[in-house]
Amino acid sequence: MNRVLGDDPRWLGAIHPSESLVALYFPSLDGKYVALSTQSGLLELRDPSTHAVVSSVRSFPGQTTNTALWFPSSGLVAHAAKAPAGETGVNIYTVPELELVRTISWDKEAEQLGGFGMGYPEVAILRKAAPDGCCQSLRLVDAASGAGRTVTLPALQFTPNFYFDATGRHVADLVAGPDAGKIALLDSSTFELLATVKPTGDSLRWYDLSQDGSVLLTGYSFGNLQAWDPATGELLGTGKVDIFSPGQFSLNPNGTLAAIALATDKYAVMSVPELTPVGPPFLVGPGGVFTAFGANDETYFSFTATHNEVDHWAINGDGLVNARSLSTGVGRSELAPDGSWMVKEPPDGAWCRWSLRGLTLLNRSGVNVGTAANNRFSLTAISPIVSADGKYIATANTDCPRGNQAGCSGKVVLWNAETGMPVGQPIPVANADRAGGPGIVVAFHPNLPLLALGGPPPGSGQQTTIEIWSFEAGDLKRQSSFVVPAGGQGFGAMTFSAFAGGGSALAVASELGRVALWETSGSTPRLLTTRQFGRQSFLDGSQQGWIVEGDGTDITIFTAEQFALGDGAEPTRVLKGAMPKNDGAFARVAFTDDGRLMALAQFGATARVSLWDLQTGESIASSFNWLPSGTAGRPDGVFLAPDGSYLVVSNDNATVVWDLDIAHWAEKTCEAAGRNFTQAEWTKYFPGREYATTCPRWPVRQ
């Protein structure tokens with residue numbers, strides 16, 4: 001029964017409730033629907049394959065819904081509510097229409113909700129002991145017919161948390177009072193006592209009964225686990241999770257697997273009843289609160305509520321197939337061309353796609369293809385990058401851990417951004433054999449379905465092979481390749497451009513400031529020209545097809561034609577002294593769709609970003625640290641919305657979205673200051689310019 005992690009991972013999607021989530025359950029053993037319960041009384045049925053809302057109802061408007069949800073074999077769902085004075089009732093609805101069948105209420109002074117279970121037809125309401133102190137009893141109400149009956153419980157004190165299995169054979173409940181610490185196992189038809197389990201070891205934290213009634217699982221504060229036979233109370237197996245304080249856990253329907261929530265935002269999958277690990281613990285993201293298993297013996301759907309999100313995973317006969325962490329902070333990022341989303345790739349190589357401006361998770365990569373490849377000068381990831389149409393993502397990955405990738409095999413993976421799945425097979429690519437050496441280089445064409453990639457083979461001074469791949473209609477094919485002579489200079493940056501009359505140009509920069517331009521439209525790429533720039537130079541591109549080169553002092557922007565002519569006197573744009581020299585060279589640039597506004601990021605501890613009007617060549621926003629105070633690292637990513645309405649600044653520790661409505665800035669600044677500049681202040685900050693009122697509503701200050 002011991003399994004290993006599968007090597008064909010599938011993350012199936014995520015559900016994002018519009019309201020704060022309380023609980024989620026599967027409706028039946030076939031796993032046809034997922035139900036979400038929110039704190040404000042909303043009950044939703046979702047399709048687990050498309051995540052679409054099938055139906056919804058405000059079950060108890062204005063009241064907090066309980067975590068209890070029920071999908072009995074009669075095809076109904078029960079939704080319980082909780083008011084400040086205690087539980088008030090259970091609404092019974094049809095599935096999937098969510099039409100109200102009836103409301104079951106109880107005497108809050110003498111009764112409490114006792115629970116209901118998968119496939120079990122009755123709602124259980126626990127009654128207090130009779131005045132003579134004899135016994136507690138259960139009032140059972142049939143969800144479909146409304147008929148009621150009462151059963152007397154064994155002479156123990158029970159808590160109102162009965163667990164029913166789906167077969168209707170067994171009920172488990174914690175014992176209170178003098179026998180506290182035991183779990184009672186009852187016959188669900190007569191409620192006679194079958195056995196009691198006395199968990200051994202440290203404090204009991206959680207327990208669960210499998211849907212087929214074959215296994216009772218108990219877990220304890222210091223990681224101990226025990227599996228029991230509900231019919232006899234026999235101990236079937238013991239195990240231990242070597243991380244303090246496991247939280248909630250769930251058994252799969254036939255009691256052969258358990259997902260254990262750990263204290264480190266991870267889950268461990270264990271075989272049952274052996275309680276041996278099925279692969280290593282996997283990360284589900286911060287705040288994981290519950291996991292529910294779906295149906296049938298071959299594939300289980302696991303849902304984990306994290307930060308008001310429901311993750312949907314597939315588990316097959318080989319065990320858990322994949323897990324992914326959530327992060328807007330860690331890793332390199334890239335903005336979609338239309339500005340609607342951004343993608344980040346953390347060091348483990350698993351990218352996440354986030355909406356803008358709200359930074360809501362859209363989806364994630366569905367396959368683990370290896371660690372993110374390092375930048376040749378640092379431990380910053382090279383990828384991801386996004387295609388011109390926003391439909392594809394490319395990542396550079398290796399088979400070695402971060403910080404130990406020299407000479408390790410590399411690959412470039414093309415992804416479908418919407419599905420999170422790879423397009424074709426990973427493309428093998430050479431990687432540097434020395435730390436800080438030239439690494440994998442990747443670039444998308446600004447308006448054609450072309451991807452360029454390459455890397456130097458092991459061995460100092462070796463040549464770099466650049467390959468051009470077409471991915472039109474998702475069909476990944478190699479179009480051409482060419483060799484870039486190293487000449488003692490490792491190539492480590494690359495950007496596509498396009499000629500006005502047609503054709504493709506690829507600019508490839510060396511780590512010593514030499515940039516070569518290659519014509520790549522045909523089957524045999526051709527070298528057009530080579531230029532030498534400053535030692536600190538960097539190379540970037542734009543959706544407009546510009547080639548952007550900077551040497552730490554000046555920024556030069558070329559068209560492909562101008563670069564190919566070799567005439568540096570006629571570049572498209574030159575910004576002299578664009579940024580003050582500090583402890584780092586220029587890093588990245590971004591442009592608006594009309595090409596007028598440019599954002600420029602600079603490496604170094606100062607983490608500077610500046611905004612420029614390219615028609616005037618002047619700065620329109622002073623250079624300053626655009627990352628939050630105390631945020632470590634440089635701005636590895638800088639992105640402008642296509643219409644210039646916002647700016648995204650990102651690094652390994654933070655992602656920040658800035659509003660670029662300059663008029664709004666001025667209005668807010670004037671509101672805060674409550675005055676104009678004085679004459680002395682104006683002379684100090686704007687020397688040589690005629691005084692003007694920056695805040696018209698306030699008088700001029702002398």
Side-chain angles (χ1 to χ4, degrees), residues 12-83 87-105 113 115-123 141-146 164 166 211 250 253 289-296 299-314 360-363:
L12 302 178
I15 297 173
H16 306 281
S18 58
E19 302 179 10
S20 185
L21 190 66
V22 173
L24 54 128
Y25 283 79
F26 279 82
S28 62
L29 293 181
D30 61 10
K32 190 174 181 180
Y33 304 105
V34 177
L36 308 182
S37 177
T38 74
Q39 289 185 352
S40 59
L42 181 67
L43 172 65
E44 280 187 348
L45 292 188
R46 299 272 190 140
D47 183 324
S49 60
T50 66
H51 313 139
V53 177
V54 176
S55 55
S56 64
V57 64
R58 190 68 63 177
S59 181
F60 291 91
Q63 298 185 39
T64 300
T65 50
N66 203 338
T67 57
L69 288 171
W70 179 40
F71 297 88
S73 54
S74 54
L76 302 174
V77 55
H79 197 214
K82 191 172 185 178
E87 289 95 345
T88 58
V90 172
N91 282 343
I92 308 296
Y93 296 96
T94 60
V95 175
E97 301 86 359
L98 290 184
E99 294 180 356
L100 183 65
V101 174
R102 62 180 40 83
T103 298
I104 300 173
S105 58
L113 178 64
F116 27 71
M118 296 280 290
Y120 190 73
E122 296 170 310
V123 175
V141 181
D142 187 275
S145 67
F164 297 82
Q211 292 179 13
S250 176
V289 295
F290 188 81
T291 297
F293 276 92
N296 72 49
T299 304
Y300 307 106
F301 299 99
S302 172
F303 284 80
T304 303
T306 62
H307 284 199
N308 204 41
E309 170 194 307
V310 182
D311 268 355
H312 187 184
W313 296 94
T360 299
L361 183 68
L362 298 176
N363 69 324

Starting at CZ of Arg58, measure out to CG of Leu98 and round the result to the nearest 0.5 Å. 12.5 Å
What are the two closest heavy atoms between Val54 and Pro96, and how far apart are they? CG1-CB, 3.9 Å
Are the side chains of Ser56 and Leu43 in contact, using a 4.5 Å heavy-atom criterion? no
Quick one: does any side-chain atom of Thr94 pair with a main-chain N or O of Glu99 as donor and acceptor, under 3.5 Å? yes
State the CD1-CZ distance between Ile92 and Arg102, to the nearest 0.5 angstrom. 7.5 Å
How many angstroms lie between OG in Ser59 and CG in Leu100, if you round to the nearest 0.5 Å? 8.0 Å
Quick one: pull up CG in Asn91 and OG1 in Thr103 and give me the separation to the nearest 0.5 Å. 3.5 Å
Are the side chains of Val90 and His79 in touch, meaning some heavy atoms are under 4.5 Å apart? no
Less than 4.5 Å apart, any side-chain heavy atom of Val53 and any of Leu45? no
Using distance alone, with no hydrogens and no angle criterion, decide if Tyr93 and Ser55 have a side-chain donor and acceptor under 3.5 Å apart. no
